[in-house]
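Per chain, numbering begins at 1; letters A, B, ... match sequence-line order. Since we're looking at a predicted model, the values are computed, not measured.
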Number of protein chains: 2
Amino acid sequence: MARKRRTTGNPTIMDVARAAGVSAITVSRALRTPERVSTDARARVNAAIRNLGYTPDPAAQALASQRSDIIGVLVPSVTNSVFLDTMRGVYEVAETSDFRVQIANTRYSQAEEERLVRLFLHQRPAALIVTGIDQSATTAKLLRAAPCPIVQITEMGPAPFDMMVGFSHSEAARAAARHLVDAGYRRIGFLGARRDARSTRRLSGFRAGLEADGLFNAARVLFAEQPSSVPLGAAQFTELLSRDPQADAVLCNNDDLALGVLFECQRRGIEVPQAFGICGFNDIAAMAVAHPSITSVRTPRREIGRQAMTMILARLADEDPGPMVRDLGFTLIQRDSTRRRPT
Amino acid sequence: MARKRRTTGNPTIMDVARAAGVSAITVSRALRTPERVSTDARARVNAAIRNLGYTPDPAAQALASQRSDIIGVLVPSVTNSVFLDTMRGVYEVAETSDFRVQIANTRYSQAEEERLVRLFLHQRPAALIVTGIDQSATTAKLLRAAPCPIVQITEMGPAPFDMMVGFSHSEAARAAARHLVDAGYRRIGFLGARRDARSTRRLSGFRAGLEADGLFNAARVLFAEQPSSVPLGAAQFTELLSRDPQADAVLCNNDDLALGVLFECQRRGIEVPQAFGICGFNDIAAMAVAHPSITSVRTPRREIGRQAMTMILARLADEDPGPMVRDLGFTLIQRDSTRRRPT
DNA sequence: GTGAAAGCGCTAACAG
DNA sequence: CTGTTAGCGCTTTCAC
């Protein structure tokens with residue numbers, strides 16, 4: 001009678017155990033808690049692992065230990081380059097570990113986010129990274145009770161589920177608005193792509209910044225349905241001018257839009273910064289090289305990803321993760337596009 | 001005596017089975033091959049699943065079936081926006097299914113790629129997507145023998161492991177070079193960021209295109225160490241002019257670089273396209289809006305991702321995946337940056 | 001410090 | 001069409 005084995009042929013922990021003359025559990029311990037295994041046994045196990053080319057099966061590990069090596073990352077969009085920069089930071093650090101990053105796309109939907117959180121939690125992830133602070137009540141409850149580290153990224157908020165790293169979007173936009181006012185602009189518009197929680201908060205910062213001088217005018221605020229892009233910026237600028245031909249500056253929620261505005265100004269022969277001021281948001285590399293160079297709010301996107309993952313790895317290694325809540329701030333980078341000569 | 005259960009408390013397939021008055025295997029079948037279960041049993045199982053909020057445990061499924069629901073994607077870089085566009089396409093289609101996408105970064109290293117392929121294969125992925133055609137001999141052997149669908153993306157090549165979708169990079173660059181020649185430029189440079197297999201092939205296409213008229217000059221070919229960016233384009237343009245002050249056009253391996261060149265021309269007052277012609281590669285949205293608009297080679301990045309994943313899903317569902325090897329081609333989009341008035 | 005036994009939750013194999 | 005049995009490869013529990 002043939003046995004009914006279903007194995008893949010890959011070496012298992014039992015193969016290693018036999019080769020090392022120990023039991024399976026000793027191999028397991030040699031791998032996970034080497035200090036609890038005698039030096040001698042450990043050496044033999046390691047040799048056997050190398051000889052056989054053994055790699056643990058993550059599915060079996062997850063099933064037996066009720067804990068997977070997956071770090072879930074929830075982002076609202078895989079299309080938006082802002083989140084991509086953050087993802088880079090996440091990957092950079094994750095690659096130094098054995099954890100696997102798994103991206104999931106909430107598509108700006110709280111319901112979808114909730115579904116994905118459940119899905120991840122069901123797998124007992126090693127940790128979870130979620131974007132922002134606008135989760136549904138149920139999602140919040142799930143995350144608060146989650147048996148793993150949770151990091152909220154990209155924003156700051158009053159009641160973190162666990163850890164948090166980001167910056168204040170409204171403060172950043174406020175600073176940009178003040179800068180435009182200080183530079184002498186008066187009829188300042190706001191261009192945004194698809195509206196989400198963060199762009200809404202930025203708008204409120206922008207508004208606050210202008211209202212201090214009674215300069216806010218809702219007619220100069222434009223949001224679009226589409227995602228952010230250079231062409232959208234050009235189109236929105238055109239729309240802004242049709243709404244207020246006297247508009248003299250704009251805060252763009254995104255650097256793409258700012259580039260589009262600049263190109264459209266060039267096309268129309270509108271002089272930047274003298275006749276029109278442009279301020280972007282995020283400070284992508286192109287801003288510094290554009291002609292004229294474009295003022296922008298530098299945001300620590302990549303660093304957010306790096307620090308989120310670093311905190312997680314520290315926690316998972318039972319080390320001190322440092323501050324659990326980190327406001328990484330922002331920097332207004334003043335450039336030629338708002339450097340108006342005094343009149 | 002307490003039982004020694006280690007369960008998470010989540011409902012298991014047994015809970016569903018009991019609630020539905022069937023055996024566990026029937027639940028399993030109702031989920032995976034509903035047509036092999038009686039309508040009656042299926043209905044009761046589905047009801048029980050809904051009542052209990054049951055979700056299968058992917059780790060247990062993977063362990064028992066030797067097949068995971070993970071689709072691995074190997075890309076050379078998570079920093080390069082070209083691959084990001086392809087990833088978008090992959091995600092868009094993957095999200096219509098229950099498979100999970102897992103990105104891994106080979107960092108342009110064949111050795112790393114080989115390690116990652118082994119790692120993935122060890123998990124018995126549902127399918128694997130790999131970038132390009134330059135795998136190590138060992139990697140190639142592993143992939144040819146892999147027990148799952150494999151798609152090579154982004155390039156075309158003679159001996160696909162399984163499926164393939166991309167376009168010819170050398171042909172695309174050749175067409176761009178010919179276009180510049182036809183537009184009347186004679187001292188044409190080539191700017192590239194970090195050199196990899198694809199940019200090397202593009203250079204050879206560029207070279208072939210110019211050599212037809214004896215116009216190729218290696219002194220006008222620049223590669224950098226850094227990844228592609230707008231500032232790099234500006235810097236390389238400066239370097240190109242110092243090498244050949246008479247240079248009259250450039251093919252940029254990347255649209256970022258082309259934008260940088262344009263800005264630097266604006267800064268120096270060099271007239272585009274009259275005094276200098278610029279052609280980009282990939283045709284990102286900004287090209288159409290730049291002033292002047294920039295000629296570029298449109299590449300089907302997103303569609304490559306979409307089709308790769310679509311073929312995989314078809315194969316996994318035992319449907320006809322259509323052509324296994326697909327050359328999606330490219331399109332030269334002629335714009336103002338190369339539209340020289342005849343002299 | 002080490003091991004035997006008993007699961008983790010699911011599905012392949014074989015019967016009926 | 002349905003069920004029983006025996007694993008998948010690993011780790012927990014408890015004992016030595």
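If you check C:dC10, C:dT11, C:dG3 against the side chain of B:Arg32, the one that comes closest is C:dT11. Of all nucleotides listed (C:dT2, C:dA13, D:dC10), C:dT2 comes nearest to the side chain of A:Ala41. Considering only side-chain atoms of A:Ser38, the nucleotide from C:dT2, D:dC10, C:dG3 that sits closest is C:dT2. Of all nucleotides listed (C:dC10, D:dG9, C:dA12), C:dA12 comes nearest to the side chain of B:Ile25. Closest to the side chain of A:Ala60, from the set D:dC10, D:dT2, C:dG9, is D:dC10. In this structure, of D:dT11, D:dG3, D:dG9, it is D:dG9 that holds the atom nearest to the side chain of A:Leu63. Relative to the side chain of B:Val37, the nucleotides D:dT2, C:dC10, D:dT4 differ in distance, and D:dT2 lies closest.
Nucleotide D:dC8 holds its P atom 14 Å from the CD1 atom of A:Ile13, rounded to whole Å. Summarising the geometry, the separation between CE on A:Met14 and P on D:dG7 is reported as 14 Å, rounded to the nearest angstrom. Between B:Gln61 atom CD and C:dC10 atom P there is a gap of 7 Å when expressed in whole angstrom units. A straight line from CG of B:Asp57 to P of D:dT11 spans 15 Å, rounded to a whole angstrom. Computed from coordinates, the B:Arg124 CZ to D:dG9 C1' distance equals 14 Å when rounded to whole Å. Atom pair B:Arg18:CZ and C:dC10:P shows a separation of 12 Å (rounding to whole Å applied). Regarding A:Leu31, its CG atom lies at a distance of 16 Å from the P atom of D:dG9, rounded to whole Å. As rounded to whole Å, 14 Å separates atom C1' of D:dG3 from atom CZ of B:Arg44.
For B:Thr26, a side-chain nitrogen or oxygen approaches OP1 or OP2 of D:dG3 to under 4.0 Å. Contact between the side-chain N/O atoms of B:Gln66 and the OP1/OP2 oxygens of C:dA12 is not found at any separation under 4.0 Å. Put simply, A:Ser28 has a side-chain N or O that comes within less than 4.0 Å of OP1 or OP2 on D:dT11. Put simply, B:Ser23 has a side-chain N or O that comes within less than 4.0 Å of OP1 or OP2 on D:dG3.
Ion pair A:Arg118/A:Glu114 flagged as a salt bridge, since at least one NZ, NE, NH1 or NH2 atom sits closer than 4.0 Å to an Asp/Glu carboxylate oxygen. The pair B:Arg315-B:Asp162 meets the salt-bridge criterion, since a charged nitrogen lies less than 4.0 angstrom from a carboxylate oxygen.
Of the possible donor and acceptor atoms, one in the side chain of A:Arg42 sits under 3.5 Å from a partner among the backbone N and O of A:Val37. A donor-acceptor contact shorter than 3.5 Å links the side chain of B:Ser109 to the backbone of B:Glu112.
Both B:Glu35 and B:His122 lie near DNA chain D, and the one whose nearest nucleotide falls closer to the 5' end is B:Glu35.
With no hydrogens or angles considered, no side-chain donor-acceptor pair links B:Gln110 and B:Arg115 at under 3.5 Å. A:Arg32 and A:Ser28 share a donor-acceptor pair across their side chains, judged by distance under 3.5 Å alone.
Across all strands shown, A:Val22 has heavy atoms under 4.0 Å from sugar-phosphate atoms exclusively, and none from any base. Among the atoms of the strands shown, base atoms are found under 4.0 Å from some heavy atom of A:Arg29.
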